[in-house]
2 protein chains.
Amino acid sequence: MAAIRTYHHPDVEEIALPRVLFALSEPLRLTMVRILSERGEVDSLELGPDLPRSTLTHHTSLLRESGVVFVRAEGRKCLIRLRTEDLDARFPGLLRTVLAGYEDEGTTGAAGGAA
Amino acid sequence: MAAIRTYHHPDVEEIALPRVLFALSEPLRLTMVRILSERGEVDSLELGPDLPRSTLTHHTSLLRESGVVFVRAEGRKCLIRLRTEDLDARFPGLLRTVLAGYEDEGTTGAAGGAA
DNA sequence: AATATAGTGCGAGAATTGTCGAACGATCAA
DNA sequence: TTGATCGTTCGACAATTCTCGCACTATATT
């Protein structure tokens, strides 16, 4: 029984707006968030199949530490989902507004070619 | 009659969400935006009285080039206002949502001590 | 014209962020 | 146990961003 992978997540009150906006200001991460909103909880590889693993971990960690996503280990894999309720409790409507404004741009083949 | 100071502003369609979010992800700029939303069109000095001028120009330019604010020269001064309608046409509700989520934090003495 | 004030642009340096290879531990299948 | 796959961490490098002094132009006042 080896050490289980654990992840730190900020409490709802600790989620800071500048950090969230910064996390969402990167096209790649914004695309990840859009995928998450469409598919719910997904395997981390779905967020960037063609990306180097270390790059994927980097962006995933940033989204997690800013309070945008929740990450949990499942066997070898890494399941990720949006903290929709927490974000909505903290910044009502923000996520919906951002996603609505990003639907038309970058709709095709982003996040390293996720299809 | 010398050359009038002119400023480039992106068209409404050119305003990109990642750029806007990045512009709003900086606490200083976020505070500037809040001041603008409270006071309407203001002298640029009101956005950061204690800041070095070059720093102020830097942030003002970034906000302008991302499509968040409109800048016009008035004599020696520089008047700045939010592009509320344009932003709302492009990303409905974004500005209101962001401002609502930032009212409680950083309410005091930010933007270099603007009072 | 002389002075004071406001804004801009440039440049340098510090700080932050993004990308990615390599090594490592953990997990699953055979 | 062996081999393959996945995620993490570290380190290095590139790119971007931030801050700010300085010189310069433009404007307003006297």
(message) Apply the hydrophobic cluster definition, ILVMFWY joined by side-chain contacts under 4.5 Å directly or through others, and give me every member besides A:Phe22.
(response) A:Leu62, B:Phe22, B:Leu62
(message) Expressed as a whole number of angstroms, how long is the span from A:Glu65:CD to C:dG18:C1'?
(response) 15 Å
(message) Between A:Arg90 (side chain only) and A:Val12 (backbone N and O only), is there a donor and an acceptor less than 3.5 Å apart?
(response) yes
(request) Sugar-phosphate atoms are those with a prime plus P, OP1 and OP2; base atoms are the rest. Using that split, label each nucleotide of nucleotides 1-12 of chain C B, S or - for protein heavy atoms under 4.0 Å, 5' to 3'. (result) ---BBSSBB---
(request) Counting heavy atoms from C-beta on, name the nucleotide in C:dG18, D:dC18, C:dC20 closest to the side chain of B:Phe22. (result) D:dC18
(request) Grab the CG-P distance between A:Leu47 and D:dG7 for me, whole Å please. (result) 10 Å
(request) Take atom CG of A:Asp50 and atom P of D:dC6, then tell me their distance rounded to the nearest Å. (result) 13 Å
(message) Looking at B:His59, I'd like to know whether one of its side-chain N or O atoms comes within less than 4.0 Å of OP1 or OP2 on D:dT19.
(response) yes
(request) May I ask you to say whether A:Arg72 pairs ionically with A:Glu74, meaning some side-chain N is under 4.0 Å from a carboxylate O? (result) yes
(message) Expressed as a whole number of angstroms, how long is the span from A:His58:NE2 to C:dT17:C1'?
(response) 6 Å
(message) Other residues, nucleotides and ligands only: do more than 12 of their heavy atoms fall within 6.0 Å of CZ on B:Arg81?
(response) yes
(request) Quick one: name the residues clustered hydrophobically with B:Leu79, using the 4.5 Å side-chain heavy-atom rule over I, L, V, M, F, W, Y, and just say none if it's on its own. (result) none
